[in-house]
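Everything on this sheet refers to the single structure shown next.
Residues take their numbers from the sequence shown, with the count starting at 1.
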Amino acid sequence: SFFGVDLSSEQGNAAIQHFAQTLTGRLEEAALMASMPAIHNINLAKIALSDLEKFSIKLDFNAVRNEKVHGVGVWFELELTEHTSAMMRTKISSGPSNIDSQWCTCRYVLPKPIAVSAGMKLEGDINFRATEKHESYNVVVNLCAENGIRSSHAFPMHHYITHPMTPYMDNNDDHGWHFCDMANNNIGPV
């Protein structure tokens with residue numbers, strides 16, 4: 001009830017929209033449930049634009065402990081290589097093993113967690129499709145445990161809004177998390 005208006009008919013839609021919001025923040029390695037992360041390699045020097053517009057990452061792992069799998073964490077590692085007589089490499093990582101990264105892990109939280117036991121196999125995929133203006137991706141996560149329990153959800157990323165997991169602790173108004181509106185204008189700090 002909102003000022004006397006019964007909104008209970010919108011409960012299902014509200015839950016779907018709530019879970020469609022992407023979360024960002026530090027992801028501790030101890031929270032990972034996968035025995036090994038899925039890896040999707042992209043060589044930016046050789047890949048075609050069409051291969052970046054739509055792609056899937058296969059998920060296939062065993063759970064490391066008895067727990068509930070609440071979703072999927074996604075991060076990137078970027079390796080820059082300079083081809084000179086003395087080859088130089090620089091690696092940038094946003095994953096849980098790098099506590100110094102300025103980028104955070106993106107979390108896709110599923111509306112239905114999957115209870116698993118240690119060693120149980122999980123399979124699925126994460127499907128990325130570029131938005132119409134190529135500003136981001138619309139993402140669909142599908143996950144299934146070997147016991148047949150499934151969970152999936154769509155995450156429309158066309159609006160650039162992500163929600164930080166932890167509040168910014170500094171009182172300086174020039175820093176912190178900023179959301180972006182549909183015109184990519186900063187709103188914040190939050």
Side-chain angles (χ1 to χ4, degrees), residues 13 15-29 31-65 67-81 91-98 101 103-117 119-165 180 182 184:
N13 287 334
I16 289 170
Q17 290 177 10
H18 176 74
F19 279 100
Q21 299 175 42
T22 311
L23 301 173
T24 58
R26 182 74 50 216
L27 181 61
E28 301 292 330
E29 277 190 282
L32 297 177
M33 288 291 295
S35 52
M36 189 152 183
I39 297 173
H40 181 75
N41 289 312
I42 298 174
N43 184 334
L44 295 177
K46 297 180 179 180
I47 195 164
L49 177 60
S50 59
D51 293 332
L52 288 174
E53 290 176 327
K54 181 180 177 185
F55 62 92
S56 293
I57 299 173
K58 295 293 178 203
L59 302 174
D60 184 1
F61 63 92
N62 293 326
V64 295
R65 63 183 168 278
E67 187 64 75
K68 289 182 181 176
V69 175
H70 290 93
V72 178
V74 180
W75 61 88
F76 71 89
E77 291 184 358
L78 177 66
E79 187 173 300
L80 305 171
T81 305
K91 190 170 184 179
I92 300 170
S93 176
S94 66
S97 62
N98 186 348
S101 178
W103 294 283
C104 291
T105 304
C106 180
R107 300 173 193 186
Y108 299 114
V109 179
L110 297 168
K112 180 174 122 181
I114 300 175
V116 297
S117 56
M120 184 179 282
K121 185 178 179 100
L122 290 105
E123 294 180 314
D125 51 37
I126 309 171
N127 299 290
F128 293 82
R129 183 182 297 254
T131 58
E132 186 176 323
K133 295 181 182 179
H134 292 103
E135 297 166 332
S136 187
Y137 289 94
N138 292 320
V139 179
V140 176
V141 175
N142 301 298
L143 199 56
C144 180
E146 68 181 49
N147 61 7
I149 297 175
R150 299 177 176 274
S151 190
S152 64
H153 203 61
F155 301 86
M157 301 291 292
H158 62 277
H159 47 61
Y160 275 83
I161 297 174
T162 60
H163 299 278
M165 294 293 295
C180 295
M182 291 183 71
N184 205 24

In Å, rounded to the nearest 0.5 Å, how long is the span from CD1 of I114 to CE of M120? 9.5 Å
Rounding to 0.5 Å, atoms CG (N41) and CD1 (I47) come to a distance of 10.0 Å
Separation between CD (E53) and NE2 (H134), nearest 0.5 Å, reads 3.5 Å
Rounded to the nearest 0.5 Å, the OG atom of S151 sits from the NE2 atom of H70 at a distance of 10.5 Å
Does some side-chain heavy atom of N138 sit less than 4.5 Å from a side-chain heavy atom of T131? yes
Nearest atoms (heavy-atom pairs only) where A20 meets P156: CB-CD, 3.8 Å
E28 to P96 - nearest heavy-atom pair and separation: C-CB, 4.2 Å
Before we go on, tell me: are the rings of H153 and Y108 under 6.0 Å apart, centre to centre? no
Aromatic ring centroids of Y137 and F55 under 6.0 Å? yes
Which distance, rounded to the nearest 0.5 Å, do you find between the SG of C106 and the CH2 of W75? 11.5 Å
I126 and its side chain to side chain contact (heavy atoms under 4.5 Å, CB included) partner, picked from V74, V140, N142, L143: V74
Residue pair M33, V116: steps toward the side-chain contact (heavy atoms from CB on, under 4.5 Å) verdict: CA-CA 10 Å; M33 288 291 295; V116 297; 3.7 Å; yes
Any side-chain to backbone donor/acceptor pair from S94 onto F76? Under 3.5 Å, distance only. yes
d(R65 CZ, N62 CG) to nearest 0.5 Å is 13.5 Å
Would you check if L32 and P37 make a side-chain contact, meaning some heavy-atom pair closer than 4.5 Å? no
So do the side chains of R107 and L27 get within less than 4.5 Å of each other, counting heavy atoms only? yes
Output, in order, the C-alpha distance, side-chain angles, deciding distance and verdict of side-chain contact (heavy atoms from CB on, under 4.5 Å) for I149 and K112. CA-CA 10 Å; I149 297 175; K112 180 174 122 181; 4.0 Å; yes
E146 side chain to K121 main-chain N or O, any donor-acceptor pair under 3.5 Å? yes
Before giving the answer on salt bridge (Lys or Arg N to Asp or Glu O under 4.0 Å), spell out for E77 and K91 the whole-Å C-alpha distance, their side-chain angles and the decisive distance to 0.1 Å. CA-CA 7 Å; E77 291 184 358; K91 190 170 184 179; 3.3 Å; yes
Salt bridge (Lys or Arg N to Asp or Glu O under 4.0 Å) filter on E79, not counting sequence neighbours, yields R89
Verify, without hydrogens or angle tests, whether S35 (side chain) and F61 (backbone) share a donor-acceptor contact under 3.5 angstrom. no
Partner of V72 under side chain to side chain contact (heavy atoms under 4.5 Å, CB included), chosen from V141, V139, I57: V141
Between the side chains of S56 and D125, is a donor N or O closer than 3.5 angstrom to an acceptor N or O? no
